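Every chain is numbered from 1 and lettered A, B, ... according to where its sequence line falls, protein lines coming before strand lines. Values in this document were obtained by computation on a predicted structure and should not be read as measured data.
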Amino acid sequence: MKALRLLFTNTKKHSPAKKWSFTPLFTDETQFISLIHASKTIKHLQQIHAQIILHQQFSNTRIVTQLISSSSFKKNFLNYALSIFRHSKNPNLFLFNSLIRALADNSYYMSSISYFLVMLRSNIRPNSLTFPFVLKSTSALQEGWLGMEIHNEILKLGLLHDRFVLLHLVDMYAKVGLLDCASQLFDESSQWGDDARSTLIWNVLINGFCKAGNWGKALELFEEMPEKYGSTWSSLIDGLMKAGEINRAMELWHSMEEKDVVSWTTMIDGFSQNEQHEKAISMFFEMLEEGGKPNDHTIVCVLLACAKAGALATGVRIHDYILNNGFTIKRGITTALVDMYSKCGSIENASCVFDKTEDKDLHTWTVMIWGCAINGYLHKALEFFNKMKSTGIKPDGVVFLAIITACSHAGNVEKGLDFFNKMKKDYSIPPTMKHYAVMVDLYGRSGRLDEALRLIKNMEIAPDFVIWGALFSACRAHKNIKMAEYASEKLLELEPKHPGSYVFLSNVYAGVDRWQDVEKVRSKMKNKGVVKDPGWSYIEIKGKVTSFVAGDCGHDLSDEIHLKLNEIVKSAREHGYMPETEWVLHNIEEEEKEDALGSHSEKLALAFALICSGDNEVIRIVKNLKICGDCHSLMKYASKMTGRGIVVRDIKRFHHFKDGSCSCQDYW
DNA sequence: TTAGGGTTAG
């Protein structure tokens with residue numbers, strides 16, 4: 001550092017014209033190398049580079065290798081490193097190795113392979129230090145054939161017995177999904193003795209099997225493994241969780257003697273990924289009780305679980321925890337906090353955290369704009385979008401998706417269309433399936449069905465299930481049976497096993513009282529063994545999250561809940577509420593239809609909240625499907641009758657009910 | 001001989 005400062009002060013004293021004429025400061029090779037290691041910016045490197053040239057040390061490959069290697073740590077150094085490499089007359093093994101590593105470490109996988117090929121062509125013999133990085137690039141590129149070619153090279157050079165090379169080769173095969181090759185190599189190497197085989201080789205193979213979904217084989221290997229690393233446990237738990245094998249994951253977790261942060265985080269995240277958010281949250285607090293120290297990642301995962309479950313009080317508690325426990329609030333955590341607050345319907349807190357964040361990046365802006373979009377604040381979303389642009393951050397496809405969604409929720413077709421076109425023309429961002437889905441939704445909900453269909457027919461990519469589903473919902477809402485039938489044909493064509501396809505179709509028939517057709521669809525569904533996704537709702541009372549499924553009778557307070565619900569419905573009726581039975585599928589008597597509606601999970605959650613929560617508390621419900629028209633109507637009455645704020649987040653957006661009306665203005 | 005390992009993931 002001292003030397004670096006000296007170099008700077010020296011440079012500053014000179015005018016640019018004289019810059020190149022100052023007297024040499026360093027002549028020693030080790031001095032140069034330590035200078036390079038201490039450099040922090042590209043400017044430092046350039047100045048050292050100048051000194052190197054000045055001292056005619058440019059053919060010293062020790063120095064130049066260090067110069068190139070230093071670019072491994074910073075992306076914008078890479079072009080500089082490349083230019084240094086290109087100017088060296090006779091690059092040797094070390095230069096190639098350092099460049100290939102720098103490229104691989106910075107995700108320039110293709111280039112690192114290209115330079116490996118240049119190396120071969122220049123008759124420079126790669127060594128065992130070349131291959132780990134070449135293999136790393138190969139697996140990242142997911143090119144198995146290339147991996148095999150490289151395997152061949154390794155054999156030719158007799159480098160297979162190097163423990164690093166072998167490890168990376170097995171890792172590469174596992175990562176590109178060639179698990180047979182990986183296993184074969186692994187088995188073969190067992191005869192070479194412990195020196196040739198790193199103990200980590202078990203890990204990479206187990207990870208490979210986990211990722212391929214073959215957790216049976218992974219468990220088998222794990223049993224055989226002589227020395228089990230904490231990380232192996234975590235990888236396996238993660239693999240099991242991803243495969244939905246929650247009980248097995250739990251079993252493994254309990255048999256772990258020392259639970260580290262990674263394994264706790266894996267469990268929290270695993271529960272959350274399996275939609276068991278309340279379990280994820282309780283796992284986090286269990287971790288604290290047992291003296292575990294969460295890291296940033298743990299916090300992000302548990303905040304995500306809070307966001308998904310709409311657990312605002314718990315989210316606030318975790319926010320307090322990080323403020324009081326010496327966490328430096330970095331961008332990852334801020335983004336998770338903004339996301340949590342906005343997904344819990346508290347846009348004020350979200351913008352409060354957001355405003356305090358100094359180093360906002362594209363992600364931070366995106367979650368904020370999404371928050372405004374789902375909460376129905378188009379004006380705010382537009383404001384944030386413009387502010388973001390003014391700070392010089394270039395919007396990407398995701399931000400555009402958020403802003404178009406905001407337009408869609410506000411029913412502002414023209415603005416949404418304007419953003420959609422701008423994205424394509426001004427930013428050259430090609431629309432993805434999601435953009436089209438929002439656009440179809442935007443047109444469809446405002447009743448411009450023909451335009452929606454035209455958009456679908458002119459799409460540059462083949463429309464998928466979601467696109468037709470969006471059109472379908474619009475047709476249903478606007479009672480265009482003909483187009484709905486057309487859309488549902490497409491849906492069934494695309495995913496004959498998807499319950500949604502059938503539900504869609506029976507919905508449209510139910511909407512126009514064609515009960516025979518409804519019955520036909522339902523029996524077809526039964527015959528094909530298609531099971532409808534149950535609707536569920538989450539509610540957080542006094543920091544504890546409870547979930548309800550439709551028709552739920554399993555709760556301790558079940559009787560009271562149903563009584564309370566009857567009471568609400570009864571008095572709502574007195575205020576003019578009419579159950580909107582067109583939302584029920586079955587061809588049953590009116591009274592029974594009301595029963596079917598009555599057991600929707602969001603209604604049960606509402607009744608539960610009215611029994612258990614404090615009189616002035618806002619009731620916050622999270623629902624996994626779109627809220628039905630009847631529940632929406634009852635919520636409005638309930639908010640007026642009880643004087644309570646009710647917030648329902650459904651799969652699409654927020655509904656803030658107050659005094660008998662909803663923030664979505666009945667447009668959703 | 002200047003240099004090499006797998007690992008939770010928004």
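The distance from atom CD1 of A:Ile36 to atom C1' of B:dA3 is 15 Å, rounded to the nearest whole Å. Residue A:Ile299 contributes atom CD1, which lies 14 Å from atom C1' of B:dT8 at whole-angstrom precision. Taking atom NZ of A:Lys360 as the reference point, atom P of B:dG10 lies 24 Å away to the nearest angstrom. What separates CD1 of A:Ile201 from P of B:dT7 is a distance of 13 Å, to the nearest Å. For the pair A:Trp264 CH2 and B:dT8 P, the interatomic distance rounds to 19 Å; values are reported in whole Å. One can place CG of A:Leu99 at 14 Å from C1' of B:dA3, the figure rounded to the nearest angstrom. In this structure, A:Leu135 places its CG atom 16 Å from P of B:dG4, rounding to the nearest Å. In this structure, A:Ile33 atom CD1 and B:dT1 atom C1' are separated by 12 Å, rounded to whole Å.
Contact annotation for A:His168: backbone-only contact, meaning every heavy-atom pair under 4.0 Å involves sugar-phosphate atoms and none involves a base. Across all strands, A:Phe131 comes closer than 4.0 Å to no nucleic acid atom at all (heavy-atom distances). At the heavy-atom level, A:Asn295 lies nowhere under 4.0 Å from the strands shown. Using a 4.0 Å heavy-atom cutoff across all strands shown, A:Ser234 reaches no nucleic acid atom at all. Residue contacts for A:Val165: at a heavy-atom cut-off of 4.0 Å it reaches a base atom on one of the strands shown. At a threshold of 4.0 angstrom between heavy atoms, the contacts of A:Ser128 include nucleobase atoms, whether or not backbone atoms are also involved.
The salt bridge (charged side-chain N to carboxylate O under 4.0 Å, His left out) pairs that include a residue from residues 276-287 of chain A number zero, where partners must be two or more places apart or lie in different chains.
Side-chain proximity of A:Lys175 to B:dT7, B:dG4, B:dG10: nearest is B:dT7. Taking every side-chain heavy atom of A:Pro132 into account, B:dG4 is the closest of B:dT7, B:dT1, B:dG4. Across B:dG4, B:dT8, B:dA3, the shortest atom-to-atom separation from the side chain of A:His297 is found for B:dT8. When distances are taken from the side chain of A:Asp269 to each of B:dA3, B:dA9, B:dT7, the shortest belongs to B:dA9. Side-chain atoms of A:Ser235 lie closest to B:dT7 of the nucleotides B:dT7, B:dA3, B:dG4. Here the side chain of A:Leu304 is nearest to one of B:dG4, B:dT8, B:dG10, namely B:dG10. Of the candidates B:dG10, B:dT8, B:dG4, the closest approach to any side-chain atom of A:Leu129 belongs to B:dG4. Closest contact between the side chain of A:Val262 and the listed nucleotides B:dG4, B:dT8, B:dT1 involves B:dT8. Looking at the side chain of A:Thr266, the nearest of the listed nucleotides B:dT7, B:dT8, B:dA3 is B:dT8. Listed candidates were B:dG10, B:dG4, B:dA3. Nearest to the side chain of A:Val300 is B:dG10.
On a pure distance criterion of 3.5 Å, no polar donor-acceptor pair joins the side chain of A:Asp339 and the base of B:dG10.
A salt bridge is absent between A:Asp359 and A:Lys330: the closest approach of a Lys/Arg side-chain nitrogen to an acidic carboxylate oxygen does not fall below 4.0 angstrom. Salt bridge A:Arg248/A:Glu251: absent, no basic N to carboxylate O contact under 4.0 Å.
Going from atom CD of A:Gln66 over to atom CG of A:Asn60 covers 10.0 Å, rounded to the nearest 0.5 Å.
Considering A:Leu129, A:Thr130, A:Val118 as possible partners of A:Ile100, the one that fulfils the side-chain contact (heavy atoms from CB on, under 4.5 Å) test is A:Thr130.
The phosphate of B:dA9 has OP1 or OP2 within less than 4.0 Å of a side-chain N or O from A:Lys242. Considering only side-chain N and O atoms, A:Lys211 lies nowhere under 4.0 angstrom from the phosphate OP1 or OP2 of B:dA9. Distances shown here put a side-chain N or O of A:Arg101 below 4.0 Å from the OP1 or OP2 atom of B:dG4.
Outside the 6.0 Å centre-distance limit, the rings of A:His87 and A:Phe58 are not counted as a close aromatic pair.
Considering only residues two or more places apart in sequence or on other chains, A:Arg163 meets the side chain to side chain contact (heavy atoms under 4.5 Å, CB included) condition with A:Ser198.
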